[in-house]
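Starting from 1, each residue takes its place in the sequence as its number. In listed order, ligands and their atoms are each counted from 1.
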Amino acid sequence: MRIDVVSHVDEIKTEELFNKTVIIIDALRTSSTIITAIANGVQMIVPVETIGQAKNLQSQKQEYLLAGDRFFKKISNFHLGNSPLDFVKQQLNGKSIILTTTNGTRAINKALKGEEVLIGSFLNGDKCIEQALHFKKDLVLLCVGERNEFALEDGLAAGFLIDRLMKHYTITFELNDFAKAMYAVYKFHKNGLFETIKTTETARKLIQLGLGEDIHFCSQINLYPICPCVATHEDITIII
Ligand SMILES: O=C(O)[C@H](CS(=O)(=O)O)OP(=O)(O)O
């Protein structure tokens, strides 16, 4: 089995996703928010790229809630932001959410050429790998990054997923060079993972904005034994 890690969303060549299982990794914060939302009872999430698309869809589906951020800040008049804690603190059981985030939802929509698209982070590593292997296809771990650049927290999460594979499965893996690098970086930092994540550029911005609690939450290992996956419902891309 081949495992390719892609460094950020603009590095994806969509033709290279055909017949592969893609894992979207946006540890701070879109992947972590989606996993937390589904684990806490949200029925489905509709990932859209623009605020306009989100509002337009909600005008047709008024029972859906709007969630998302631009540059870490909740979008004005939206019900929820892009913090996983928003989905823990409120009772959202059975709700459908339209989500648009700065980078994460764009990456999800770009990855749709993959055979299967899953959502992974530190919060669900073991379950995510179990689910990905179930499809018996080569894997692409897409580090979403931040504004067209690599983000270390995503690379660490990719290394963590590779570590889970190596530890729990006896299949032979072929890694691309970036995957080898991320695996090595993860192993180097794994005993001080939270301390390292806290120093990343994304984390520093979250701390400046008073959102440091999110970093702690998103750094938890295997908190949720679920793996959200992308599907289609009435011609709309959804995550369940
Ligand atoms: O809301 C977030 O944590 C980030 C904001 S930014 O892109 O780093 O400015 O969005 P995400 O889509 O989760 O990367």
Side-chain angles (χ1 to χ4, degrees), residues 5-12 22-39 42 45-54 65-90 97-112 117-124 128 141-158 160 182 194 196-220 223-224 228 230 237 239:
V5 177
V6 178
S7 63
H8 63 84
V9 60
D10 290 299
E11 284 287 311
I12 322 173
V22 184
I23 302 177
I24 304 288
I25 301 172
D26 187 351
L28 296 175
R29 297 171 295 173
T30 299
S31 293
S32 302
T33 296
I34 292 171
I35 294 160
T36 304
I38 301 283
V42 164
I45 293 173
V46 185
V48 299
E49 290 192 43
T50 68
I51 297 173
Q53 286 169 334
L65 298 177
L66 286 166
D69 81 306
R70 282 299 176 270
F71 309 119
F72 301 107
K73 297 200 173 128
K74 178 170 164 283
I75 298 163
S76 107
N77 297 325
F78 275 32
H79 305 97
L80 301 142
N82 181 25
S83 166
L85 294 171
D86 288 356
F87 293 81
V88 173
K89 288 176 183 159
Q90 292 197 41
I97 309 282
I98 302 166
L99 179 69
T100 181
T101 68
T102 318
N103 310 284
T105 49
R106 185 162 73 89
I108 293 166
N109 282 291
K110 247 188 129 176
L112 294 177
V117 181
L118 307 177
I119 309 297
S121 82
F122 297 110
L123 294 178
N124 72 340
C128 181
L141 274 48
L142 172 57
C143 297
V144 171
E146 198 194 334
R147 301 177 219 179
N148 308 336
E149 287 185 7
F150 171 66
L152 179 58
E153 66 277 7
D154 295 342
L156 288 166
F160 163 62
M182 293 307 101
F194 175 62
T196 305
I197 293 170
K198 239 173 40 180
T199 66
T200 63
E201 304 232 349
T202 318
R204 285 194 292 123
K205 286 181 199 145
L206 283 164
I207 292 166
Q208 275 167 17
L209 291 164
L211 298 167
E213 219 186 329
D214 283 5
I215 307 163
H216 191 266
F217 188 89
C218 295
S219 304
Q220 297 175 94
L223 179 65
Y224 295 124
V230 175
T237 298
I239 303 170

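A donor-acceptor pair under 3.5 Å links the side-chain atoms of D86 to the main chain of G81, judged by distance alone.
Two residues are said to be in side-chain contact when any heavy atoms from C-beta on lie closer than 4.5 Å; N103 and R147 meet this criterion. Between T105 and V48 the shortest side-chain heavy-atom distance does not fall below 4.5 Å.
For K89, the salt bridge (Lys or Arg N to Asp or Glu O under 4.0 Å) test picks out no residue, with sequence neighbours left out.
How far CD1 of I215 is from CZ of R204: 10.5 Å, rounded to the nearest 0.5 Å.
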Could you check T100 against I75 for side-chain contact (heavy atoms from CB on, under 4.5 Å), going step by step and ending with a plain yes or no?
CA-CA 9 Å; T100 181; I75 298 163; 3.7 Å; yes
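Near ligand 1, heavy-atom contacts under 4.0 Å come from D26, L28, R29, T30, D69, F71, F72, N82, T101, T102, N103, G104, E146, R147.
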